[in-house]
Amino acid sequence: MTNRKEIPEGVTLIDHPLIQHKLTHMRKKDTHSINFRQLLREISQLLGYEVTRNLPLTNVDIETPVAKCISPILEGPNICIFSILRAGEGLSQGLLDLIPSARVGHVGLYRDPKNLQAVEYYFKAPSDLEARFCLVVDPMLATGNSAISAIDQIKRAGAKDLRFLCLLAAPEGLKALRKAHPDVHIYTAAIDDRLNEKSYIVPGLGDAGDRIFGTQ
Ligand code: URA
């Protein structure tokens with residue numbers, strides 16, 4: 001899968017060995033939702049480490065037990081994690097472990113089973129999105145319809161600096177999202193082979209929401 005795929009422009013594949021190992025366990029159909037959730041939380045922290053790599057820092061004066069010095073901290077509480085409901089919740093929890101001061105926005109979307117288009121049912125975001133780095137998260141980038149629609153709404157609400165983070169991406173979803181929002185960099189832990197006739201990612205891991213919440 002991942003290793004042989006060409007990585008499109010604007011996409012970063014975060015294929016650290018720990019992530020690949022945990023992802024393999026998540027893919028297995030017999031992995032229980034308790035373990036699935038825990039693995040997703042661990043992976044999201046590892047992914048979050050890479051996605052936030054170039055966040056701006058500012059220097060502050062501090063005093064250690066030994067001496068005064070100037071030391072870097074993150075430049076302000078300016079991150080907003082946007083969880084695309086409901087599977088996005090599985091990624092946002094681990095990211096909040098890593099960045100506890102982040103604000104959290106929610107975009108509620110479901111896939112219309114007839115035409116597979118994203119239908120919005122909920123949107124809630126902090127009011128000062130212009131000043132924030134917005135990280136939009138959904139474990140599965142399949143057709144790209146949900147991600148495109150969520151990012152449309154987040155931009156309409158004022159966001160200017162966005163990145164998209166998923167666990168698995170289908171080539172079709174990467175292409176569609178890059179076309180619709182070329183300014184939004186995509187981070188993924190794997191690029192799978194294709195979508196099937198029901199728009200599930202192959203080989204994928206099944207329905208991420210069902211596997212996180214045990215609703216199969
Ligand atoms: N959403 C999922 O949860 N799984 C897929 O394979 C595609 C979309």
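Each ligand, and each atom within it, is numbered from 1 in the order the structure gives.
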Note to self: If the contact criterion is a heavy-atom separation under 4.0 Å, does S199 count as touching ligand 1?
What the structure shows: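 Contact present.
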Please state whether G206 comes within less than 4.0 angstrom of ligand 1, counting heavy atoms only.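 Yes.
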_Donor-acceptor check, side chain of T64 to backbone of A67, threshold 3.5 angstrom: yes or no?_
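Present.
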query: Under the 3.5 angstrom rule, does the side chain of S83 hit a backbone N or O of E89 as a donor-acceptor pair?
result: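 Yes: the side chain of S83 pairs with the backbone of E89.
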Which residue supplies the protein heavy atom nearest to atom 5 (C) of ligand 1, what is that atom called, and how far is it?
->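 That would be Y200 CD2, 3.4 Å.
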Checklist entry - Does the side chain of R86 pick up a donor-acceptor pair with the side chain of T215 at under 3.5 Å? => result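 A donor-acceptor contact under 3.5 Å links the two side chains.
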Suppose I only count heavy atoms of I201 and a 4.0 Å limit; which atoms of ligand 1 are within that range?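 Listed by number with element: 5 (C), 6 (O), 7 (C).
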Query raised in the report: In terms of atom number and element, which parts of ligand 1 are under 4.0 angstrom from non-hydrogen atoms of A142?
Result: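 This gives 7 (C), 8 (C) as the contact atoms.
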Using the six-membered ring wherever Trp is involved, compare the ring planes of H25 and H21 and label them parallel, tilted or perpendicular (cut-offs 30° and 60°).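 Geometry flag for H21 against H25: perpendicular rings.
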> Taking the six-membered ring for Trp, are F82 and F123 parallel (under 30°), tilted (30 to 60°) or perpendicular (over 60°)?
Replying inline: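 Ring orientation, 0 to 90° scale: parallel.
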(Q) Below 3.5 Å, N or O to N or O, backbone or side chain included: is there any such pair between A208 and ligand 1? (A)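 Yes; at least one N/O pair falls below 3.5 Å.
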I'd like to check whether G209 has a polar contact with ligand 1, where a contact means an N/O of the residue lying under 3.5 Å from an N/O of the ligand.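 No; every N/O pair is 3.5 Å or more apart.
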